[in-house]
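The next block holds one structure in the form of structure tokens; read it before the comments.
By convention in this document, chain letters (A, B, ...) are assigned in the order of the sequence lines, proteins followed by strands, and residues within each chain are numbered from 1. Atom set for the values below is all heavy atoms of this structure, side chains included, hydrogens, waters and symmetry mates excluded.
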Amino acid sequence: MDYKQIVADAVSSVVDGKVSTNDIYAKIEKPKTSANGDISFPAFILSKELHKSPQVIAQEIVDNINGESFEKVVAAGPYVNFFLDKGKVSHQVIETVLTEEEHFGDNHQGEDRVVTIDMSSPNIAKPMSMGHLRSTVIGNSIAKILTKNGYKPIKDNHLGDWGTQFGKLITAYLKWGSEEDVKRDPIHYLVQYYIRFHKEDEIHPEYDEEAREWFKKLEDGDPEAVHLWKWFREVSLEAFNQTYKKLGVEFDTYNGESFYNEKLQDVVDTLKKDELLEKSQGASVVDLSDENLNPALILKTDGASLYVTRDIATAIYRDETYHPVMNLYVVGSEQTYYFKQLKAVLKKMGLDSAAGLHHIPFGLITVNGKKLSTRHGNIVLLNEVLDESVKMAKQQIVEKNPDLKDKDRVAEEVGVGAIVFGDLKNSRIDSIDFNLQEQLKFEGETGPYVQYAHARAQSILRKAKSDYINSDNYALTNEDAWEVIKLIQAFPEIVKRANAEFEPSVVAKYSLKLAKAFNKYYAHTKILVEDDELNARLALVKSVSIILKESLRLLGVKAPNEM
RNA sequence: GUCGCAGUAGCCCAGUUGGAUAGAGCAACGGUCUUCUAAACCGUAGGUCGAGCGUUCGAGUCGCUCCUGCGACACCA
């Protein structure tokens, strides 16, 4: 039921067609405070057309309106404020949610079209840091939001499993490595070797030469090089998968850079054939001056390929394999310019994916204002943060709910939920100066706050004796309940907006608002009282619980029934 | 230097396509658990929305100029 449309029609009939219903509809807004009604119409825009002051017009609308759909309609200066019929609307909203359950808010805008999402993309032999968390959880949430909007997302973990760093790693391993150590704690030791390499090559520049040779061997299929590379890749993936399991994230494909390696020559050939490639300072570039961009470097002076080449191969492969309507890259904002170049090159090549390419940037994570760097050992390990948070959650559970069964599972859901929610709560583009203490807070605007509201709702439902599903009247008029109802009613719009903006924070912010409104209602109204409205109250609690759980699901956060 | 992003309460952030007195959370102070989980609720205090012009009936929101911070600017990804 579109109440804005009802208002637009009502206003339109009063102004006698001098302003179109669509124009009126577009101007209708939601007042910031409920004191000003549920929907309001600013009469300013009619002022010119009708040659009257907005105050007079507002009063005329009130005098002539057909107010049967509303509790009341009042003029407040230049505004006309509409108060909806709370009982009628609450009944209708709750009934819809209880019927559709977790599918409330689903839409078919995507028409089953495929969207590829390039996300997470950790580098082999390097630990996942908080930076990878962002790409992973943002991509994961966007995938869920896309699905709710009728799209078919394909989550592709574009692993960093190729490149000159493997020459360095092999060199370092052969110099200082130990097989047992790597088997015991692969990432930890591989990183140690990598860091040591970068320390020592400052004194021993010849190490760089060795590394180059090993990478060359790897490219040429030398058995020892390939064996080590495969091994590093395998143990790294195992370690990554443990983290992904904790986060509850799964991928459709793991086509890393090595996967596209053999397709690079085709890319270069195609570029040559299309006469897009030109020499510049010894390197091969695609000129993009007509797009007002710097040239894209395709091949280095020594003829070696670069990441653009691989990304072009990736785009071609995805076009051919999935025919996606959109091609998303969840990658840090520092690469914005690069993605403009990539898009421009794809466009010149006439590839389908050019139009649908969207870079989904997110802000940089720093520690004490400094950029993270594996090389310099300046990293915040994702696993450690998650473990710490789970530990903290466990502690709180032991304190606050000692009788809870399944403490460890719930601690996992709450602890991980806090970190994931904390990352998704703010606009993607905001940069974050990481602070562990800040991340481990479970009070106020946090994931656990929303989870807690859901758990309390569940708790009430467990204790309820009556069978509210049989109720045919969900009318509520209580003010606190009304705020909750209005938020529930807004959920489908939230789902659409989050999708249009590729912005999980829209859902996170919404879930906080709903949880807050519900907590307020819960604090002031006793639900389990035997009276005429009991069924309606329980139905509302059930609806809230459904929407909170669904909101958290869209963010990739679990909603335990008890905590 | 050029381009991009950002600047809202002590801190961290909301603020839909311009609309009514700029809102939360944290931190501070005070109150609420024999009653549906106090990870909660209620209250107090806290602001020249970076600065200045402009467009408009109306600007945190749009335009221009400037200031500050971060990022990017070909042989890393």
Roughly how far apart, to the nearest Å, are [N] and [M] at atom [atom1]?
{"N": "B/rA9", "M": "B/rA45", "atom1": "C1'", "answer": "11 Å"}
{"N": "B/rC13", "M": "B/rC57", "atom1": "C1'", "answer": "32 Å"}
{"N": "B/rU16", "M": "B/rU32", "atom1": "C1'", "answer": "36 Å"}

- Query: salt bridge (Lys or Arg N to Asp or Glu O under 4.0 Å) between A/Lys168 and A/Asp208: does it pass, once the steps are laid out?
  - Reply: CA-CA 7 Å; A/Lys168 294 175 185 175; A/Asp208 281 326; 5.3 Å; no
- Message: Suppose we define a pair by two distances each less than 3.5 Å, Watson-Crick or G-U wobble; what does B/rA24 pair with here?
- Response: none
- Paired with B/rG71: which nucleotide, if any, by Watson-Crick or G-U wobble criteria at under 3.5 Å for both distances? B/rC3
Could you check how far [atom1] of [X] sits from [atom2] of [N], rounded to whole Å?
{"X": "A/Ile527", "N": "B/rC36", "atom1": "CD1", "atom2": "C1'", "result": "7 Å"}
{"X": "A/Leu440", "N": "B/rA39", "atom1": "CG", "atom2": "C1'", "result": "14 Å"}
{"X": "A/Leu512", "N": "B/rC13", "atom1": "CG", "atom2": "C1'", "result": "11 Å"}
{"X": "A/Ile298", "N": "B/rC75", "atom1": "CD1", "atom2": "P", "result": "14 Å"}

For [X], report the nucleic acid contact type (base, sugar-phosphate, nothing); a contact means any heavy atom under 4.0 Å.
{"X": "A/Ser284", "value": "nothing"}
{"X": "A/Ser333", "value": "nothing"}
{"X": "A/Val414", "value": "base"}
{"X": "A/Glu29", "value": "base"}
{"X": "A/Asp311", "value": "nothing"}
{"X": "A/Arg462", "value": "nothing"}

Looking at [X], I'd like to know whether one of its side-chain N or O atoms comes within less than 4.0 Å of OP1 or OP2 on [N].
{"X": "A/Lys300", "N": "B/rC76", "answer": "yes"}
{"X": "A/Tyr449", "N": "B/rC41", "answer": "yes"}
{"X": "A/Lys32", "N": "B/rA20", "answer": "yes"}

- Donor-acceptor pair (no angle test) under 3.5 Å: A/Thr301 side chain, B/rC75 base: yes
- Using only heavy-atom distances, decide whether a donor-acceptor pair under 3.5 angstrom links the side-chain of A/Gln335 to the base of B/rA77. yes
- Query: Does NZ or CZ of A/Lys4 come closer than 6.0 Å to the centre of the six-membered ring of A/Tyr25, within 45° of the ring's axis?
  - Reply: yes
